[in-house]
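Residue numbers run from 1 in the order of the sequence given.
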Amino acid sequence: MDLNCFRDRLFDLLNDSEGMGIADINADEQNSLIAVRTESGKVF
């Protein structure tokens, strides 16, 4: 599974979970990183 497919599946999963407080998902494909930002401003 490549990063694009994983990112799309992760986005769909988190987008459907309203109670998780996810604000945004950013993918840095050059460094193979995915950052998830919560509504409170924390980034994972």
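- In this structure the side chain of V36 reaches within 4.5 angstrom of the side chain of I22, judged on heavy atoms.
- When the side chains of ILVMFWY residues are joined at heavy-atom separations under 4.5 Å, either directly or via intervening members, M20 and L13 end up in two distinct hydrophobic clusters.
- Annotation: the span from I34 atom CD1 to I25 atom CD1 amounts to 8.0 Å, rounded to 0.5 Å.
- Expressed to the nearest 0.5 Å, how far OG1 of T38 lies from CG of D24 amounts to 11.0 Å.
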